[in-house]
Amino acid sequence: MALSMLCPRTGALSRTLKGISSSKTAFPANFLLQTASYNPRPLKLNLRDPYIPDKTSNKTPEWQKTAKYDAKLFGRYGSASGIAPSSLWPSHERLQKIIADEREWHPPLEVMLKNLDAREEEETEKRLAKEKLIAANMAKMPKMVADWRREKREAKKKQKEEKARRSRLLVEARERFGHAVDPRSSKFLEMVAEIEKEERKKRKLVKRKLREEQVAVPAEATPPAASS
């Protein structure tokens with residue numbers, strides 16, 4: 001202890017001597033002795049007349065009226081602070097909150113191990129479910145690729161048919177009107193609507209004829225009833 005206290009003083013004295021030698025200033029010998037032997041005394045607590053704030057006064061700061069400051073005063077002055085030790089004990093609600101916080105942030109070792117096992121089990125379940133989903137998707141991959149290629153072919157075929165239909169309509173419009181027609185004009189759109197109406201009518205006639213033929217065939221196949 002004495003050695004630890006002596007070392008800082010020795011260091012301070014050596015720095016002082018170095019400063020004196022570098023500045024080449026003459027100091028009296030008693031000044032060096034006072035510097036080396038300086039030992040400040042710690043402040044003493046005023047236990048006879050301690051400062052106790054008046055909580056009823058408006059001049060007293062609010063932070064000096066809190067229970068935290070009362071605990072500080074009791075810890076510093078003890079019974080001289082005039083504070084009852086029972087008032088420093090937390091209330092039932094505060095005590096329950098402290099216990100809950102203690103359990104949450106500092107749980108027992110058994111609880112920590114149990115939580116760790118549950119977390120590892122949950123992570124394992126998530127990993128297995130993810131691997132199962134990946135395996136299922138990989139199994140569906142050939143069908144998905146085949147469907148994508150089929151849809152792409154159908155879209156390409158439909159686009160080609162639409163292009164051919166558009167060209168056919170333009171040719172028909174040229175033959176009907178005797179000149180090229182803008183496909184965005186009302187004349188061309190009216191012609192397309194008329195053609196589509198005629199095509200729908202033709203399809204209806206074809207369907208009706210097919211239904212009539214299907215009804216007629218069973219009637220012809222039924223044998224005549226035997227005469228009595």
Side-chain angles (χ1 to χ4, degrees), residues 62-63 66 68 93-228:
E62 293 297 328
W63 61 272
T66 60
K68 185 177 180 181
E93 292 77 9
R94 176 61 180 169
L95 187 61
Q96 293 298 324
K97 187 177 183 305
I98 293 174
I99 294 174
D101 293 342
E102 184 71 19
R103 290 177 179 174
E104 180 179 0
W105 297 104
H106 303 284
L109 181 60
E110 296 179 357
V111 176
M112 293 177 65
L113 293 176
K114 186 176 180 181
N115 294 338
L116 184 60
D117 294 339
R119 187 181 304 172
E120 291 180 353
E121 185 177 356
E122 182 180 0
E123 292 178 354
T124 303
E125 291 179 356
K126 289 182 178 180
R127 179 175 56 81
L128 293 176
K130 187 175 181 180
E131 292 177 356
K132 185 177 180 180
L133 179 62
I134 293 174
N137 292 334
M138 291 300 294
K140 296 178 183 177
M141 186 64 67
K143 185 178 181 302
M144 293 172 65
V145 173
D147 293 342
W148 173 77
R149 290 177 178 175
R150 177 178 53 79
E151 292 175 359
K152 190 175 181 181
R153 288 195 302 268
E154 291 178 355
K156 191 174 181 180
K157 181 181 178 181
K158 187 176 180 181
Q159 185 179 5
K160 188 176 180 180
E161 292 175 353
E162 186 66 24
K163 186 176 180 181
R165 179 175 177 273
R166 189 179 184 86
S167 301
R168 187 175 67 254
L169 291 173
L170 288 174
V171 172
E172 186 172 349
R174 188 183 297 118
E175 292 177 354
R176 178 177 295 191
F177 301 111
H179 58 83
V181 181
D182 187 1
R184 296 170 295 179
S185 63
S186 59
K187 187 183 297 186
F188 180 81
L189 296 177
E190 290 175 0
M191 186 199 73
V192 171
E194 183 180 352
I195 292 173
E196 289 179 350
K197 185 177 180 180
E198 293 177 358
E199 290 178 352
R200 286 196 298 269
K201 190 181 294 184
K202 290 179 181 179
R203 287 195 295 268
K204 286 182 180 180
L205 291 174
V206 172
K207 288 182 180 179
R208 184 183 301 172
K209 187 176 180 180
L210 290 174
R211 285 198 300 268
E212 291 175 355
E213 291 177 353
Q214 290 175 359
V215 172
V217 169
E220 294 175 358
T222 303
S227 59
S228 57

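Fair warning: this is a prediction, and the values are worked out from it, not measured in the lab. When reading the values below, keep in mind they use all heavy atoms of this one structure, side chains included, and skip hydrogens, waters and symmetry mates.
- Residues meeting the side chain to side chain contact (heavy atoms under 4.5 Å, CB included) test with R168, sequence neighbours left out: R165.
- Residues that satisfy the side-chain hydrogen bond (donor to acceptor under 3.5 Å, both in side chains) test with K114, not counting sequence neighbours, are absent from this structure.
- H106 meets the side chain to side chain contact (heavy atoms under 4.5 Å, CB included) test with E102; sequence neighbours excluded.
- In this structure, CZ on R166 lies 6.0 Å from CG on L170, to the nearest 0.5 angstrom.
- The side-chain hydrogen bond (donor to acceptor under 3.5 Å, both in side chains) check on E190 picks up nothing, with sequence neighbours excluded.
- The side-chain heavy atoms of E172 and I195, taken from C-beta on, include a pair separated by under 4.5 Å.
- Residues passing the side chain to side chain contact (heavy atoms under 4.5 Å, CB included) test with L205 are R208, sequence neighbours excluded.
- In this structure the side chain of K160 never reaches within 4.5 angstrom of the side chain of K156, judged on heavy atoms.
- With sequence neighbours left out, the salt bridge (charged side-chain N to carboxylate O under 4.0 Å, His left out) criterion links E194 to R176.
- With sequence neighbours excluded, no residue forms a side-chain hydrogen bond (donor to acceptor under 3.5 Å, both in side chains) with D117.
- Qualifying salt bridge (charged side-chain N to carboxylate O under 4.0 Å, His left out) partners for R184, counting only residues two or more places apart in sequence or in other chains: D182.
- Residues meeting the ring pair (Phe, Tyr, Trp, His ring centres under 6.0 Å) test with W105, sequence neighbours left out: none.
- The CZ atom of R203 sits 7.5 Å away from the NZ atom of K207 when rounded to the nearest 0.5 Å.
- For E120, the CD atom counts as densely surrounded, since its 6.0 Å shell holds more than 12 non-hydrogen atoms of other residues, nucleotides or ligands.
- For S186, the side chain to side chain contact (heavy atoms under 4.5 Å, CB included) criterion is met by no residue, not counting sequence neighbours.
- R150 is linked by a side-chain hydrogen bond (donor to acceptor under 3.5 Å, both in side chains) to E154, counting only residues two or more places apart in sequence or in another chain.
- Atoms CD1 and CE, from I134 and M141 in turn, are 10.5 Å apart once rounded to the nearest 0.5 Å.
- Atom CE of M138 has 12 or fewer neighbouring heavy atoms from other residues, nucleotides or ligands inside a 6.0 Å radius.
- The line from CD of E196 to CE of M191 is 10.0 Å long, rounded to the nearest 0.5 Å.
- Within the structure, side-chain hydrogen bond (donor to acceptor under 3.5 Å, both in side chains) pairs that include any residue of residues 123-146 comprise R127-E131, K143-D147 (at least two apart or interchain).
- Across all their heavy atoms, F188 and V181 have their closest contact at CB-CG1, 3.7 Å.
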*Taking it one step at a time, do E93 and K97 satisfy side chain to side chain contact (heavy atoms under 4.5 Å, CB included)?*
CA-CA 6 Å; E93 292 77 9; K97 187 177 183 305; over 6 Å; no
